[in-house]
*Asks:* 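Dumping the structure here so I can ask a few things about it.
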Amino acid sequence: MPHYRAVGELPRKRHIVFRRPDGGIYAEELMGEEGFSSDSSLLYHRNLPTAIVKSEPLPDPRAAESAEPNLPLAPRHFRTGDLPAGGDLVAGRRLLAGNGDVRLSFAAVDRPSELYRNSVGDETVYVQSGSIRLESSYGAIDAGAGDYVCVPTGTIHRWVPRGPVTALVIEASGHIRPPRRYLSQYGQFLEHAPYCERDLRAPAEPLLAEGAEADAPTPVVVRTRGGLTRMTFAHHPFDVVGWDGCLYPYALNIADFEPIVKKTHAPPPVHQTFEGPGFVVCSFCPRPLDFHPEAVPIPYNHHNVDSDEFMYYVGGDYAARKGSGIGIGSVSLHPAGFTHGPQPGAVEAALGAERTSETAVMVDTFRPLDLGPAARACEDPGYAWTWAR
Ligand SMILES: [Fe+2]
């Protein structure tokens, strides 16, 4: 994340003595990506961030999880509202689809998670409904419906819902960033970008464990490529009095995404919001439609030969899918190898329309998606044939 921020107490220069009120020295930690060659932040801890007292194996439920190829190849429709609710936003993820680059899970949760560190890649959580607080070493972010919350690799954090929350969880195998084409050479959002620095919300103040909790040994669940470890830190990891840099968790609300509109139909790259290794994330938002007098204001049939298209419908009315059974909370998967497009009659019905109320989050992957157990559990078996009715 290229936007510089500073939070809490900091010494005047990097890497100089910074004393605690008791005369001791704060422990400086550089958290950075790509081996000192990309974005980083400097964090100042009350205690050593290296002080661990225990490291134990933890059974990984994913070891027994079966994700199967999309065979026989077919477009799919999953009704996430049919999935069971409960649990927390880390352990309660239900895998819909995934590949070696990204995992796409649905979660309907109501309990706080354990402290967690994903060392495999960045996570972006799209909150569909409810209110939830991300607590992290960098501070807290309050999130609600429509927020994308981006958590950098390695950030120690936990999710604390206020009541029931539904969310789509995007777990990358690397870093999730704003599209490169929307950034200047030095990382500032350009004028044609559909969102900018002012739209991003990040922790505004330190989040410090206090009293007995601060000094108690504290377990953190750490995910690496090999699985899970329960690592116990000598002190609570929420002990950062200040940090600065360009790497931190942040939130972007989908309503702050400024849609780009053309005279005739604009393809999904205009909706792109983030990019990750092997995938992109796009936001379809309420907007005026194409304004050519003879425009067909919904998508043409398309076959993206290098992409699987995972679309999560979160609000409004998606005209191109009318009659397919898709509604709020639905996920459609239109894989490479299949041509998809508007439902029968949708083109005729859309002529003359001037606005759309749709809101949807799309993840296009560049390698095929396998289907997770949750997808099989909530599939609408008739969807593939809805164009032939
Ligand atoms: Fe599509």
Side-chain angles (χ1 to χ4, degrees), residues 70 73-80 96-99 101-102 104 106 126 168 170 179 194 254 257 259-276 278-287 289-290 295-351 353 355-371 375 379-380 382-389:
N70 181 1
L73 184 69
R76 311 269 175 182
H77 170 206
F78 312 117
R79 293 191 170 105
T80 61
L96 290 164
N99 60 25
D101 298 322
V102 65
L104 304 167
F106 176 76
Y126 179 81
L168 176 72
I170 302 167
I254 198 166
F257 185 91
I260 296 168
V261 175
K262 279 178 70 224
K263 195 168 184 177
T264 58
H265 184 74
V270 300
H271 308 297
Q272 193 186 341
T273 312
F274 303 109
E275 62 189 19
F279 69 95
V280 297
V281 180
C282 299
S283 304
F284 291 76
C285 296
R287 61 191 183 280
L289 286 168
D290 323 335
V296 175
I298 55 173
Y300 31 81
N301 299 307
H302 49 290
H303 183 183
N304 289 351
V305 300
D306 296 319
S307 303
D308 274 20
E309 178 192 294
F310 177 104
M311 179 89 90
Y312 181 41
Y313 301 83
V314 296
D317 187 16
Y318 208 85
R321 293 271 83 81
K322 204 166 274 179
S324 66
I326 278 176
I328 303 304
S330 288
V331 167
S332 63
L333 174 62
H334 297 148
F338 169 73
T339 299
H340 67 271
Q343 302 302 135
V347 168
E348 292 81 355
L351 296 179
R355 295 193 62 82
T356 172
S357 63
E358 71 194 26
T359 308
V361 172
M362 187 179 85
V363 182
D364 260 19
T365 65
F366 307 145
R367 292 199 285 172
L369 286 166
D370 292 335
L371 306 181
E379 182 165 9
D380 163 12
Y383 179 67
W385 330 121
T386 56
W387 286 270
R389 277 178 191 157

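Just so you know, ligand 1 is whichever comes first in the structure, and atom 1 is the first atom listed for that ligand. These figures come from a predicted structure and were not determined experimentally.
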*Asks:* Just by modelled atom types, is the F106 backbone N or O under 3.5 Å from a matching donor or acceptor in the T80 side chain?
*Replies:* no

*Asks:* Tell me whether T273 contacts the main-chain N or O of H271 through its side chain, where contact means a donor paired with an acceptor under 3.5 Å.
*Replies:* yes

*Asks:* What's the spacing between Q343 CD and I298 CD1 if we round to 0.5 Å?
*Replies:* 9.5 Å

*Asks:* Of all residues at least two apart in sequence or in a different chain, which pass the salt bridge (charged side-chain N to carboxylate O under 4.0 Å, His left out) check with D290?
*Replies:* none

*Asks:* Taking S357 for the side chain and D317 for the main chain, is one N or O donor matched with an acceptor at less than 3.5 Å?
*Replies:* yes

*Asks:* Report the distance from atom CD of E309 to atom NE2 of H340, rounding to the nearest 0.5 Å.
*Replies:* 3.5 Å

*Asks:* Below 2.8 Å, which protein N, O or S atoms neighbour the Fe ion (ligand 1), ignoring water?
*Replies:* H302 NE2, E309 OE1, H340 NE2

